[in-house]
Each structure stands twice: as C-alpha cells, then as structure tokens.
Amino acid sequence: MVTVVILLSNSPALTQPTAISANEVEVNNLQKYYFGLLRTSAPISYYDDQSANWKGYCYALIETLRERKFPNIEIVEMVRDNRFKGEGSNNIKLDAECGPNTITPERKRLIRLKDLKGYFSETFGWTGATALLLKENMQKLSPGNEFKTLKFGLIYGTSTIDIVKNAYPSLEDRKIVTLKDANDAINKLRTGEVDVYFNDEMLLMRILKKLNRLIHK
C-alpha cells in the first residue's frame, strides 16, 4: 500500500476546521504553508527540467488547495532521507509532505517521536511493488536461482526493501545495490550495474517509458 500524502499538523488551520468568519479568506491569505515534494518520484511528485516547473499528482493536489482554500502554499524541495521529519531544504519546517509514502507502524512512531504531532492522511492511491528488468533476465528471476546471476537494485530507505526481502528470503545485503533515486536506477540499468530494479509499479511505468525513449534515440 502506498499513501500519496502525509500531513503534519504544525499549522492547525491547515488540518483542522476553522471558525466561520467574514474575513476567513483574508486570514488564510496571510498564512503561508510549506509543502515538501520529492524531485524524482514521477508521476507522484517530480520537477520537470524542460518546463522548469513541478508536476505530478502532488502538484495537482497543491494547485487544488491553492484554488479552493490556501492560496499561499509554497513548494519546498525535500530529500528522501528527510521524509517523516517535517524538514525541507534549507531547514525549512514543513506543514505537509506529499509523496509515494508507504504507511508503516515505524513511520507512524517516527513522526510522533520527532514532536511533529503529525499523521498520515487517508490513502488515495496505492500500488504493489514490482520489478523492472531486461527481457533476457526474466527467466533468471526465479526462486532459488535469481541470486546467482542477478544484481538487485533498491532505493535506500524505502519500504520496498522489506517487501523484496520477504518475497526472497535468501536475499543477502551484499546482493543489493543501493540506489539514490530513480535517475540513479536508470543509469545503472543502462550500464548493467543493476539487473533488476524494484519499486512501486506506478513509478516504474514512468521509468520504463523514459528508458524506452533513451534506447531509441
């Protein structure tokens, strides 16, 4: 299960009903809210260099919030390691974070331990973990044989690592190639440093399209 939004209740006005007032819109206009987005998690959250703009489902959500209730939302780039810590770039304190986040008991405890008084939203998008690999390697991805010839690539700090280890109990850490992000995965798949890349299916479909474009150039 992948949740696409996590809300941190640093600003009660953002996450709780406010009192009805004739000046409600003007009051909200004065308040600025900081939303953290990951730069390379297409199609959920990503920055498009060609258009020099944020895109994805998270950006669409932010645009809807801007139009309906909170016009002063500022997007802050966030690194994967700082998810669930309520902190964006330049140590900016976040009011919310949107991205492909799997809900786990450990992560629920983390946002409480950091005194964020945060919580996960209801899940409104989910997908299963799947693998991306070359056709010639598909026959090798079979229980008992896959670790003899294949190098598994997984992004550091994601819950996908636990999912893959549960699916392949004999997988050892030395067989896992740690990846920084989706771009790192694409590069290592192309150079052969990684044979199999595991991630959420929705994210992999985007990567597959990008790989196909690079191959046919």
Checklist outcome for this item: By side chain to side chain contact (heavy atoms under 4.5 Å, CB included), Asn53 pairs with (sequence neighbours left out) Ser51, Tyr59
Item to check | Test item: Asn187 side-chain N/O and Asn183 main-chain N/O as donor-acceptor pair under 3.5 Å | outcome: yes
Item to check | Check against side-chain contact (heavy atoms from CB on, under 4.5 Å), Leu179 and Tyr156 | outcome: CA-CA 6 Å; Leu179 304 171; Tyr156 172 79; over 6 Å; no
Checklist entry - Would Leu133 and Asp195 count as a side-chain contact (heavy atoms from CB on, under 4.5 Å) if you check the C-alpha gap in whole Å, the side-chain angles of each, and the deciding distance to 0.1 Å? => result CA-CA 6 Å; Leu133 66 163; Asp195 300 308; over 6 Å; no
Checklist entry - Taking it one step at a time, do Phe120 and Phe84 satisfy side-chain contact (heavy atoms from CB on, under 4.5 Å)? => result CA-CA 10 Å; Phe120 284 95; Phe84 320 116; 4.0 Å; yes
Checklist entry - Distance-only, no hydrogens or angles: does the Asp48 side chain make a donor-acceptor pair with backbone N or O of Lys55 under 3.5 Å? => result no
Item to check | Distance-minimising heavy-atom pair for Cys58 and Gly99 | outcome: SG-N, 3.6 Å
Next on the checklist: Among residues at least two apart in sequence or on other chains, which ones pass side chain to side chain contact (heavy atoms under 4.5 Å, CB included) with Glu67?
Outcome noted: none
Checklist entry - Got a second to check how far Glu63's CD is from Arg68's CZ, nearest 0.5 Å? => result 12.5 Å
Checklist entry - By ring pair (Phe, Tyr, Trp, His ring centres under 6.0 Å), which residues pair with Tyr47, not counting sequence neighbours? => result Trp54
Checklist entry - If only atom types and distance count, is the side chain of Thr64 paired as donor or acceptor with the main-chain N or O of Ala60 below 3.5 Å? => result yes
Next on the checklist: As an exercise, state the distance from CD1 of Ile73 to NZ of Lys32, rounded to the nearest 0.5 Å.
Outcome noted: 11.5 Å
Checklist entry - At their closest point, which heavy atom of Ile75 faces which heavy atom of Arg66, and how far apart are they? => result CG1-NH2, 4.0 Å
Next on the checklist: Can you tell me how far apart CD (Glu77) and OG1 (Thr40) are? Round to the nearest 0.5 Å.
Outcome noted: 8.5 Å
Checklist entry - Are Ile155 and Val79 co-members of a hydrophobic cluster defined by side-chain heavy atoms under 4.5 Å apart? => result no
Checklist outcome for this item: Taking every heavy atom of Val196 against every heavy atom of Val194, the minimum-distance pair comes out as O-CG1, 3.2 Å
Checklist outcome for this item: With sequence neighbours left out, the residues meeting salt bridge (Lys or Arg N to Asp or Glu O under 4.0 Å) with Lys108 are none
Next on the checklist: Are the side chains of Arg80 and Ser41 in contact, using a 4.5 Å heavy-atom criterion?
Outcome noted: yes
Next on the checklist: Strictly distance-based, threshold 3.5 Å: is any side-chain N or O of Asn82 a donor or acceptor partner for the main-chain N or O of Lys85?
Outcome noted: no
Checklist entry - Looking at Thr102, Asn101, Asp200, which one forms a side-chain contact (heavy atoms from CB on, under 4.5 Å) with Ser159? => result Thr102
Item to check | Any Leu204 side-chain heavy atom under 4.5 Å of Thr130 side chain | outcome: yes
Next on the checklist: I need the minimum non-hydrogen distance between Ala131 and Phe198, along with the two atoms involved.
Outcome noted: CB-CE2, 3.5 Å
Next on the checklist: Rounded to the nearest 0.5 Å, what separates atom CD in Glu193 from atom CG in Asp184?
Outcome noted: 8.0 Å
Checklist entry - OH of Tyr33 to NZ of Lys69: how many Å apart, nearest 0.5 Å? => result 8.5 Å
Checklist entry - Measuring from Leu154:CG to Asn199:CG, what's the distance to the nearest 0.5 Å? => result 8.5 Å
Item to check | Derivation of the side-chain contact (heavy atoms from CB on, under 4.5 Å) call for Met78 and Leu94 | outcome: CA-CA 10 Å; Met78 178 183 59; Leu94 301 177; 4.0 Å; yes
Next on the checklist: Could you work out, with side chain to side chain contact (heavy atoms under 4.5 Å, CB included) as the rule, every residue matching Asp162, not counting sequence neighbours?
Outcome noted: none
Checklist entry - If you measure from the Lys or Arg side-chain nitrogens to the Asp or Glu carboxylate oxygens, is any gap between Asp49 and Arg39 under 4.0 Å? => result yes
Item to check | Side chain proximity check, Ile186 to Arg190, heavy atoms < 4.5 angstrom | outcome: yes
Item to check | Minimum heavy-atom distance between Arg83 and Leu38, given as atom pair plus value | outcome: CD-CD1, 4.1 Å
Item to check | Minimal non-hydrogen separation, Ser45 against Leu37, with atom names | outcome: OG-CB, 3.4 Å
Item to check | Residue list, side chain to side chain contact (heavy atoms under 4.5 Å, CB included) with Lys165, at least two apart or on another chain | outcome: Ile161, Leu171, Asp173, Ile176
